[in-house]
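This structure is a prediction, so every number in the text was calculated from the model and none was measured. Convention: sequence-line order gives letters A, B, ...; per-chain numbering from 1. Side chains included, hydrogens not; waters and symmetry mates left out as well; all remaining heavy atoms used.
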Protein chains: 2
Amino acid sequence: MWVSATALAGDLGLSSILVRKDLSCTGLEGRPKYGFEIQPLIEAINISLGWDNTTDAILVGAGNLGTALTGYDGFMQYGLQIVAVFDSDPKKIGRKIHGIEVLNMNKVVDFIERTKIPMAVLTVPAVNAQKIAEKIADAGIRGIWNFAPVKLKLSKNIIIQRMDLASSFAELSSRLKEK
Amino acid sequence: MWVSATALAGDLGLSSILVRKDLSCTGLEGRPKYGFEIQPLIEAINISLGWDNTTDAILVGAGNLGTALTGYDGFMQYGLQIVAVFDSDPKKIGRKIHGIEVLNMNKVVDFIERTKIPMAVLTVPAVNAQKIAEKIADAGIRGIWNFAPVKLKLSKNIIIQRMDLASSFAELSSRLKEK
DNA sequence: TAGATTGTTAATCGATTAACAATC
DNA sequence: TAGATTGTTAATCGATTAACAATC
């Protein structure tokens with residue numbers, strides 16, 4: 001029924017102060033000696049992080065990574081719903097991956113304009129990423145979750161979130177060498 | 001032949017000061033008015049990040065994400081070489097993914113002990129992650145690149161690097177809501 | 001010489017932590 | 001009451017940026 005910031009901190013490997021500070025963003029108040037009521041806390045975190053109502057997204061680039069992401073159940077938990085997948089490879093177009101048909105890349109602009117879909121997951125090769133990003137941004141995409149190892153340059157009002165395998169591995173690699 | 005910190009900063013969307021500061025970690029000195037010689041710079045960055053000699057790694061968990069990662073060419077570029085893949089699903093064992101045979105999970109301890117392989121990429125379901133991590137850590141793995149959405153708790157001398165889809169998406173999601 | 005670029009010291013900024021009164 | 005936990009203010013820490021002399 002109840003969980004304390006101290007307990008959460010222990011499980012997460014963080015300090016209890018940090019947990020309390022972070023939880024304060026949700027607006028929820030804890031009860032001294034008890035901590036936080038679990039159900040309202042989950043609710044409040046979901047709302048605070050925008051996981052409460054699902055965000056529809058398209059996925060562009062049905063390669064290995066794109067396929068894996070399309071099939072990743074965990075996304076639903078975060079309120080992310082992939083509603084369409086695009087690729088320019090004729091061998092992939094028309095095939096289904098995890099129940100979603102791969103559509104022709106040349107339909108993506110029309111699709112975005114028609115559906116007003118706000119978000120795109122970008123899993124295309126690095127060389128194509130900038131051009132494709134510009135295209136979907138022009139069509140009206142508001143946020144891009146970019147898995148390509150490229151810094152996208154787009155107009156300021158497009159929100160870009162980079163998921164960077166390279167720098168994560170680089171960090172591990174250098175920490176491993178240090179020892 | 002030459003590239004300036006200013007130019008790199010422009011391409012990367014960073015400040016030139018930050019680029020110079022970061023490059024100073026490589027020990028390489030630039031030349032006023034010219035910048036840095038490109039080839040030695042690439043070399044120096046690779047050495048500095050530990051990308052110069054390849055790190056052998058095993059991958060545990062041949063699901064969608066594990067399969068995608070195994071086939072990801074980009075890893076070689078960072079000096080990461082996946083030499084063996086493990087899974088406990090009988091349907092997967094014996095099959096090849098991207099040219100690498102999937103081995104039975106029950107052989108992983110023996111494999112690590114025999115080959116003294118230093119690193120593991122962990123792409124197993126969240127519920128199994130802690131147990132499997134403990135197992136391979138006991139067997140002698142020194143670094144774990146963890147893709148499971150779990151904070152692993154292991155002995156201090158094991159280096160853990162977390163690759164966190166959830167928090168990346170959470171950030172994008174909240175930035176999207178803000179507007 | 002003038003201007004671009006370097007490396008470094010000091011200042012700024014934001015995030016984490018310490019300290020502590022308030023509360024159940 | 002005593003002890004655990006809360007929320008908050010102030011201190012610390014590390015990373016980024018500003019400022020600037022040195023150099024080609």
Please determine whether a side-chain nitrogen or oxygen atom of Ser24(B) lies at a distance below 4.0 Å from atom OP1 or OP2 of dG7(C). no
Any side-chain N or O of Thr6(B) less than 4.0 Å from the OP1 or OP2 oxygen of dT6(C)? yes
Taking the side chain of Pro32(B) as its heavy atoms from C-beta onward, which of dC24(C), dT8(C), dC24(D) lies nearest to it? dC24(D)
Given atom CD of Glu37(B) and atom C1' of dC24(D), what is their separation to the nearest angstrom? 15 Å
Distance-only, no hydrogens or angles: does the Asp87(A) side chain make a donor-acceptor pair with backbone N or O of Lys92(A) under 3.5 Å? no
Pairwise 5' ranking along DNA chain D for Tyr34(A) and Ile17(B), keeping only the more 5' one: Tyr34(A)
Could you check Asp22(A) against Arg31(B) and say which one's nearest nucleotide on DNA chain C is further toward the 5' end? Arg31(B)
Leu8(A) CG to dT5(D) P, straight-line distance once rounded to whole Å: 12 Å
Give a yes/no answer on whether the side chain of Arg20(A) brings an N or O atom under 4.0 Å of OP1 or OP2 in dT6(D). yes
Does OP1 or OP2 of dT16(D) have a side-chain N or O of Ser15(B) closer than 4.0 Å? no
From the list Ile132(A), Ile136(A), Val121(A), Ile159(A), side chain to side chain contact (heavy atoms under 4.5 Å, CB included) partner of Ile144(A) resolves to Ile136(A)
List DNA chain C stems (3 or more consecutive Watson-Crick/G-U pairs, under 3.5 Å)? C:3-24 with D:3-24
Can you figure out which of dT16(C), dG7(C), dC24(C) approaches the side chain of Leu18(A) most closely? dT16(C)
Checking side chain to side chain contact (heavy atoms under 4.5 Å, CB included) against Asp22(A), which of Val19(A), Thr26(A), Leu18(A) comes through? Leu18(A)
Name the residue from Ile58(B), Thr55(B), Ile112(B), Ile141(B) that meets the side chain to side chain contact (heavy atoms under 4.5 Å, CB included) definition with Pro118(B). Thr55(B)
Determine whether more than 12 heavy atoms belonging to other residues, nucleotides or ligands lie under 6.0 Å from atom OH of Tyr34(B). no
Among dG3(C), dT8(D), dT5(D), which nucleotide has an atom closest to any side-chain atom of Ser4(A)? dT5(D)
Around atom CD of Glu29(A), are there more than 12 heavy atoms of other residues, nucleotides or ligands at under 6.0 Å? no
Leu23(B) has an atom CG; how far is it from atom P of dT5(C), in whole Å? 15 Å
Could you tell me how far apart Leu14(B) (CG) and dA15(D) (P) are, to the nearest whole angstrom? 15 Å
In whole angstrom, what separates Lys33(A)'s NZ from dC24(C)'s P? 13 Å
From the set dT17(C), dC24(D), dT6(D), return the single nucleotide nearest to any side-chain atom of Phe36(A). dT6(D)
Should we say atom CG of Asp73(B) is surrounded by more than 12 heavy atoms from elsewhere, each under 6.0 Å from it? no
Distance, rounded to the nearest Å, where Lys21(A) contributes NZ and dC13(D) contributes P: 17 Å
Quick note, Ala5(B) side chain, CB onward, closest among dT6(D), dT17(C), dT6(C) is dT6(C)
